[in-house]
Structure formats: C-alpha cells, structure tokens
Amino acid sequence: MKLRAVKGMNDILPEESQRFQRIESIFRNTVETYGFQELRTPLVEDLTLFQKSTGETSEVVQKQMFLLARERESLALRPEGTPSAARVYIGQKMQAREPVTKWFYIGPMFRAEQPQRGRYRQFHQAGCELYGDPGPHCDAEMLDMLVQMGRAMGLSDVKVQLNTLGGAEARGHYRGKLREFFEPIKASLSEHAQERLGDNPLRILDSKDPRDQAACEGAPELFDSLTDDDKQHWDGLLAALERLGTPYEIDPRLVRGLDYYTRTCFEIVASSGEIGSQGAILGGGRYDGLLESLGGPAIPAIGFAMGLERILLALGEQEFQRPALCFVAPLGPEAQLEALELAQALRAAGVRVELDSRGNSMKSMLRRANTMGARLALILGKDEVATQVVQVKDLVLHTQTDVPRADLPSTVLGIFTAASAEEKSA
Ligand code: HAM
C-alpha cells in the first residue's frame, strides 16, 4: 500500500495551516462587520441538488463530480457551497423569519479536475450568500467588501471584473442570437463549443480554445438583449461603485461557469504572485431565479466564493508573524511540577507557551527554544522553586533577570507588547 494522499488532495502542514488561518480570520472579521453569519452544512448532498442548481450544462456537474454511490442513494461530495445554502434557506423557510438573510461559510469543496498549480481536487472556499435584496446597491456593497477584504489580506491591485448576464428573458433572447451567429460557423468551433451550442451557447464566449476565441470575434453582445429593468439595475450598480470608489473593469465576455447566474456576475483575478493571471481567486454573482427553480420562494440572491489556495498563491511567500513565544525550561522534578502551573498561569494571561517537560539538560532545552524562535526562556530549578522567582532570559537581547513568580505574567506580557510595538515602528 502506498502511503500517499489522493491525487489533487493536499495535506496542509502546520506552517501552511497558519497561512490559511490568517486568511480565514480576515475573511471572518470582514464579513461579520457586514452582518454575515456562519452556516455549516454537510460535505455530502444528494447529487440531484447539484444537478438542479450548479446546473446540468456546467462543466462541474458534467465532468467533475465525486459521486458516492450507495444502494438507492445517489450522493456527491459538494463541488461548491451555493446549492447547500439554498437548500437550507428553502428548508428553513428563512423568508418567513427575516427579510434579508446573510450567511457565510468556509470549508473544503471537491471537483475532479486535472490537478495543476492553483487547481486541486479538494480545495477550500470561503463564501457568502445574501438572500432577499434585489437591488444593485446590495451588489455594490458586496463588491466593495471584497476589494476591502483583498487589501486587508495583502493582495495588491485588487480589481473586480464585472459583467451583467441580464435576467431570464434577456438571456433567452441572447441565447437565440448567439445560436444564429455561431450556427453558420459551427465547423470552426472546438468540439466542446459545438456541444455547448446546443445547451448553453454563452459558455462558448469564455472558452480558452483559440478556435473559439477567433470565432467569437464580432459575436453579438449580451448588453443589446437586456431589458429596461436589467439596464436600470446595471446602471444603478455602476453608479454605486463609482460613489464607493470601488475599482472595477467591465468584461463583456465574463459569463461564469455555473448555470444559475442572472444579472451581475464578477470575478477577481490576481495580478501578482505565483498564480499569475491563470485563475480567478474569487467568483460570484446574482442568482435571482435559483431558489424558485429548486421549488422555493421567489427570493433574489447574490453571493461569491474565494479559493483560499489561490489567494495564498497570489500572496506568494509572505512571512506571517506568529504571536511571540515564551519557552519554559524547568530543571528537576520539583521545578517541572512548578512549571506546569506557571505555564497554566501564563496561558491564562494570553501568552503562547511551550513547556519542555522532557527532563533534558538546560543546554538542550535552550537549543530547542532558539530553534522554535522563542523570544523568552523562563528558567527554573530547585533554587528558583524555593525562592519563588524565575530567571527570565531574553533570547533576542541576550539579557537575564530574576522575576518574582507572582509578577511573571505581567512582566512577560510587558516585554511582548514592547517588542511588537518596536517591530511595527521598524
Ligand atoms: P466558482 O467560480 O466555481 O464559483 O469558484 C469560486 C472560486 O473557487 C474560484 O474563483 C477559485 O478561486 C476557487 N476554485 C474553484 N475551483 C477550484 C479548484 N479546482 N482548485 C482550487 N480553487 C478552485 C462558485 O463556486 C460559486 N459557488 C460562487 C458563488 C457563491 N456564486 C454565488 N454564490
């Protein structure tokens, strides 16, 4: 048996986990200030949920589902979070409880793709879904939140790529126009695009195949099929973005790969880091018809999801500071027992503590403290236990002082606060 993780599914070791945690905590803090609350749903759903929402014509449902076949059950690992949230919204009759519902989620998603940099079979999304507000200001507020969040994460030059897909009426009309346009030149399209011509000709517009890109030259623009209501929504969105100073770029070819979108759709593409301009770090849009199409109420919705791995790639190898570490090094059995209690008191005061209880020599303990990057080493032996003091060794300044046991938490916190203020001003 080979002890290897499944292709395209990664172990995330502690150092990398810290980078994930940092992004997740900025995400949480940001979306909570906008009123989103966390929803946790199972990783597994009925396959039909994804077929009916993510969409029969989407690549995700057609080719990338991880299926779990059981007797009389057809289950699948979730490839995205929007369908599960919609299921919960409908099941809980949220529209009867509150006019506007705002949820966020963070977790693994599964798509059987060909793995490459930034594209995995298990990856992590942090996303939001907002139900009950049809207006364009709600879209603008969400887009602005994304730009603010990207900046807080350290992404340089975050810009929203934006488009409108119109409502159902406009898209029906536009589909017809696209079929008329592509039908006579069908033979010049890729095999994939030829298939799409039948079920979802919009997808041809975002094909990466050079044959399709050439064929798209001069294709009709969706904008010309918009209804007056669609146009009013779009104009309202742009005006609000201008007012907020949110950077955006209109991309009339942006159609997104999932079937449920209506009107506003958007992506954020990283312009820096190891991911290059390969993939979107975030995608989303409005889906005003999805809940109804699943048998729920006619409630409009909008949402997005960001790929955590892609954000980390876009950020590159930035160093993230962990909170300062205090290393406790006891010598001898009495000191070891005392050190347990000391570590407990320090942690209760909010200090990150590593207690070395192995009973090793002082030299070996201090070597470990240095390797772990500890700022302070607290040394205590038999004498210190008797006199209730601790030797506090500053491993950066190379100083050593005796501190009464009772003063320790405040002394350690004082040193850490001063050190972090110095780092910030440096
Ligand atoms: P999506 O565009 O399919 O949208 O995925 C959102 C983000 O997930 C992508 O921009 C990308 O960063 C990340 N992602 C997707 N597939 C992979 C992969 N194989 N490996 C690594 N990262 C990946 C959705 O999933 C929608 N549910 C977003 C949404 C929410 N729309 C409305 N509400």
Side-chain angles (χ1 to χ4, degrees), residues 7-10 12 20 23 27 31 36 39 41 45 49-50 53-55 58-66 77-89 101-131 138-139 142-143 145-146 149-150 153 155 158 160-161 163 165 203 206 254-270 273-291 300-315:
K7 178 170 116 174
M9 303 203 177
N10 301 313
I12 302 172
F20 274 86
I23 298 298
F27 171 81
V31 301
F36 289 87
L39 174 73
T41 61
E45 299 275 359
L49 176 67
F50 302 117
S53 46
T54 310
S58 70
E59 187 127 334
V60 172
V61 165
Q62 285 182 348
K63 300 198 183 134
Q64 301 172 347
M65 300 302 294
F66 276 104
L77 291 179
R78 63 181 186 188
E80 55 147 346
T82 309
S84 308
R87 174 184 60 68
V88 178
Y89 184 92
T101 294
K102 296 178 177 186
W103 283 335
F104 77 84
Y105 49 86
I106 305 179
M109 307 291 161
F110 304 85
R111 297 184 191 179
E113 303 207 62
Q114 197 50 43
Q116 49 178 283
R117 188 178 265 290
R119 194 174 294 285
Y120 310 104
R121 295 180 143 198
Q122 175 174 333
F123 58 99
H124 297 80
Q125 282 188 345
C128 286
E129 311 292 348
L130 185 157
Y131 309 87
C138 152
D139 306 21
M142 182 173 280
L143 291 173
M145 172 175 90
L146 295 177
M149 183 154 60
M153 288 175 180
L155 292 166
V158 188
V160 176
Q161 312 278 340
N163 194 18
L165 298 173
R203 295 304 318 279
D206 74 346
L254 181 69
V255 295
R256 306 270 306 126
L258 311 174
D259 285 0
Y260 44 67
Y261 292 111
T262 51
R263 292 193 171 161
T264 314
C265 72
F266 53 86
E267 281 185 354
I268 292 184
V269 178
E274 297 165 40
I275 192 170
S277 56
Q278 285 298 306
I281 57 173
L282 177 156
R286 198 163 256 295
Y287 49 99
D288 291 344
L290 178 66
L291 298 185
I302 181 169
F304 71 86
M306 53 171 69
L308 299 186
E309 286 81 359
R310 294 213 184 153
I311 292 196
L312 290 174
L313 278 173
L315 285 172

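Counting convention: from 1, in listed order, for ligands and their atoms alike. Just so we're clear, the structure is a prediction, and the values are computed from it rather than from any experiment.
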Checklist entry - Considering distance alone, does some N or O of Ile281 sit under 3.5 Å from an N or O of ligand 1? => result yes
Checklist entry - Among the heavy atoms of Gly127, does any lie under 4.0 Å from an atom of ligand 1? => result no
Checklist entry - For ligand 1, is there an atom lying under 4.0 Å from some heavy atom of Glu267? => result no
Next on the checklist: What I want to know is whether Leu258 and ligand 1 share at least one N or O pair that is separated by under 3.5 angstrom.
Outcome noted: no
Checklist entry - Do Tyr260 and Thr82 have side-chain N/O donor and acceptor atoms under 3.5 Å apart? => result yes
Checklist entry - For ligand 1, is there an N or O atom under 3.5 Å from any N or O atom of Leu282? => result yes
Checklist outcome for this item: of all protein heavy atoms, closest to atom 27 (N) of ligand 1 is Glu80 OE1, 2.5 Å
Next on the checklist: For the CG atom of Leu39 and the NZ atom of Lys102, what is their distance to the nearest 0.5 Å?
Outcome noted: 15.5 Å
Next on the checklist: I need the atoms of ligand 1 closer than 4.0 Å to a non-hydrogen atom of Phe304, numbered in the order shown.
Outcome noted: 28 (C), 29 (C), 30 (C), 32 (C), 33 (N)
Next on the checklist: For atom 20 (N) of ligand 1, what's the nearest protein heavy-atom neighbour? Residue, atom name and distance, please.
Outcome noted: Tyr120 N, 3.0 Å
Checklist entry - Cut-off 3.5 Å, side chains only: do Thr264 and Asp139 have a donor facing an acceptor? => result yes
Checklist entry - Does one side chain, of Glu113 or Gln64, offer a donor that lies under 3.5 Å from an acceptor on the other? => result yes
Checklist outcome for this item: Between the CD atom in Gln116 and the CD atom in Gln114, the distance rounded to the nearest 0.5 Å is 8.0 Å
Next on the checklist: Give me the nearest non-hydrogen protein atom to atom 14 (N) of ligand 1 as residue plus atom name, then the distance to 0.1 Å.
Outcome noted: Phe123 CE1, 3.5 Å
Checklist entry - Looking only at N/O atoms, are Ile302 and ligand 1 under 3.5 Å apart anywhere? => result no
Checklist entry - Could you state the interatomic distance from CG (Leu254) to SG (Cys265), rounded to the nearest 0.5 Å? => result 4.0 Å
Next on the checklist: Distance under 4.0 Å to a non-hydrogen atom of Tyr260: what atoms of ligand 1 satisfy this?
Outcome noted: 26 (C), 27 (N), 31 (N)
Item to check | Part of Met109 with heavy atoms under 4.0 Å of ligand 1, whether side chain, backbone, both or neither | outcome: neither
Checklist entry - Considering only heavy atoms, which of Ala112, Ala126, Gly118 lies nearest to atom 21 (C) of ligand 1? => result Gly118
Checklist outcome for this item: The protein heavy atom nearest to atom 7 (C) of ligand 1 is Ala305 O, 3.5 Å
Item to check | Protein heavy-atom partner closest to atom 13 (C) of ligand 1 - residue, atom, separation in Å | outcome: Gly307 CA, 3.7 Å
Next on the checklist: When you compare ligand 1 with Arg119, is there at least one nitrogen or oxygen pair between them that comes in under 3.5 angstrom?
Outcome noted: no
Item to check | Closest protein heavy atom (residue, atom, distance) for atom 8 (O) of ligand 1 | outcome: Gln125 NE2, 3.1 Å
Checklist entry - Do we see a donor-acceptor contact under 3.5 Å between the side chains of Tyr287 and Glu129? => result yes
Next on the checklist: Nearest 0.5 Å, please: how far is OH in Tyr261 from CD1 in Ile302?
Outcome noted: 9.5 Å
Item to check | Any residue meeting ring-ring contact (aromatic ring centres under 6.0 Å, His included) with Phe20, in chain and number order, not counting sequence neighbours | outcome: His124
Item to check | Residue, atom name and distance, where the atom is the protein heavy atom closest to atom 4 (O) of ligand 1 | outcome: Arg256 NH2, 3.0 Å
Checklist entry - Is the shortest N/O to N/O distance between Thr82 and ligand 1 below 3.5 Å? => result yes
Item to check | Aromatic ring proximity, centroids under 6.0 angstrom, Phe104 and Phe36 | outcome: no
Next on the checklist: For a 4.5 angstrom cut-off between non-hydrogen side-chain atoms, does Phe304 reach Met142?
Outcome noted: yes
Checklist entry - How many angstroms lie between atom OH of Tyr105 and atom CZ of Phe27, to the nearest 0.5 angstrom? => result 8.0 Å
Checklist entry - Considering only heavy atoms of Tyr261, which atoms of ligand 1 have at least one such atom less than 4.0 Å away? => result 26 (C), 28 (C), 29 (C), 31 (N), 32 (C)
Checklist entry - Is there any N or O on Gly284 that sits under 3.5 Å from an N or O of ligand 1? => result no
Item to check | Numbered atoms and elements of ligand 1 in range of Glu129, under 4.0 angstrom, heavy atoms | outcome: 30 (C), 32 (C), 33 (N)
Checklist outcome for this item: Taken to the nearest 0.5 Å, the spacing of Asp288 CG from Thr262 OG1 works out to 4.0 Å
Next on the checklist: Yes or no: does Glu113 have any heavy atom under 4.0 Å from an atom of ligand 1?
Outcome noted: yes
Checklist entry - How far is atom 9 (C) of ligand 1 from its nearest protein heavy atom, and which residue and atom is that? => result Ala280 O, 3.9 Å
Checklist entry - Which atom names give the shortest non-hydrogen contact between Pro300 and Arg286, and what distance separates them? => result CB-NH1, 3.9 Å
